[in-house]
Amino acid sequence: MSEALQNNIAEITPSEWELMRIVWTKGEIFSRELIDLLQAKRQWSDSTVKTLLRRLVNKGLLVTEKQERRFLYKATISETEA
């Protein structure tokens with residue numbers, strides 16, 4: 001694991017950890033499903049969840065793939081590595 005990725009893991013916020021745990025549990029997940037799951041637990045807006053996803057992609061912890069009009073997210077590292 002690169003030093004940059006290790007530093008990014010050290011900087012994950014509690015909200016980002018919560019999102020990552022869902023991705024790890026599901027393996028891969030569409031943004032809409034993730035938003036729905038988080039809104040069932042929290043009063044977060046769609047834009048809040050999308051901001052967290054974007055931050056995690058920028059940190060190199062998630063990758064995204066566009067499938068038609070939806071975005072699929074996958075973790076780049078395992079939960080045990082993090």
Side-chain angles (χ1 to χ4, degrees):
M1 181 183 313
S2 73
E3 186 176 329
L5 190 54
Q6 287 176 337
N7 289 339
N8 289 342
I9 291 168
E11 296 173 5
I12 296 177
T13 67
S15 297
E16 291 170 341
W17 274 114
E18 188 170 350
L19 193 147
M20 287 298 295
R21 282 190 195 95
I22 294 171
V23 175
W24 285 320
T25 299
K26 296 284 188 178
E28 60 183 31
I29 190 168
F30 285 103
S31 54
R32 181 76 256 159
E33 184 183 359
L34 188 54
I35 289 167
D36 291 344
L37 286 169
L38 284 166
Q39 286 179 340
K41 294 170 60 175
R42 307 266 186 204
Q43 296 298 321
W44 291 348
S45 68
D46 288 16
S47 62
T48 298
V49 177
K50 289 176 185 176
T51 297
L52 293 171
L53 286 167
R54 187 173 58 254
R55 284 185 195 162
L56 289 165
V57 168
N58 290 341
K59 290 179 181 182
L61 300 172
L62 290 178
V63 291
T64 186
E65 175 185 321
K66 189 169 185 178
Q67 294 186 356
E68 296 175 17
R69 298 183 67 209
R70 305 185 314 164
F71 290 91
L72 184 68
Y73 289 87
K74 300 176 190 175
T76 60
I77 60 168
S78 70
E79 188 170 6
T80 54
E81 288 177 299

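What's counted below: heavy atoms across the whole structure, side chains too, no hydrogens, waters or symmetry copies.
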Run the side chain to side chain contact (heavy atoms under 4.5 Å, CB included) check on Met20 and Leu62 step by step: do they pass?
CA-CA 8 Å; Met20 287 298 295; Leu62 290 178; 3.7 Å; yes
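Atom CZ in Phe30 sits 13.0 Å away from atom CG in Asp36 (nearest 0.5 Å). To the nearest 0.5 Å, atoms CH2 (Trp17) and CD (Glu79) are separated by 7.5 Å. Separating the CG atom in Leu19 from the CG atom in Leu34 is a distance of 4.5 Å, to the nearest 0.5 Å.
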Give every donor-acceptor pair under 3.5 Å between a side-chain atom in residues 48-57 and any protein atom, sequence neighbours left out.
residue: Thr48; atom: OG1; partner: Ser45; partner atom: OG; Å: 3.0
residue: Thr51; atom: OG1; partner: Ser47; partner atom: O; Å: 2.9

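Looking only at side-chain heavy atoms (C-beta outward), Leu37 and Lys26 come within less than 4.5 Å of each other. Contact check for Arg70 versus Arg32: no side-chain heavy atoms found under the 4.5 Å cut-off.
Heavy atoms only, all atoms of each residue included: Lys66 and Arg69 are closest at CE-CA, 4.4 Å. Smallest separation of non-hydrogen atoms from Gly60 and Thr76: O-OG1, 2.6 Å. Shortest non-hydrogen contact noted between Glu18 and Trp44 is OE1-CH2, 3.9 Å.
Panel note: side chain Thr64, backbone Phe71; no donor-acceptor pair is recorded below 3.5 Å. Listed for the Glu28 side chain is no donor-acceptor partner under 3.5 Å among the backbone atoms of Tyr73. In this structure, Lys59 contributes its side chain and Glu11 its backbone to a donor-acceptor pair below 3.5 Å.
The local environment of CD in Glu3 is sparse, with at most 12 non-hydrogen atoms from other residues, nucleotides or ligands closer than 6.0 Å. Atom CD of Glu65 sits in a crowded spot, with more than 12 heavy atoms from other residues, nucleotides or ligands closer than 6.0 Å.
A donor atom on one side chain and an acceptor atom on the other are not found under 3.5 Å apart for Ser15 and Thr13.
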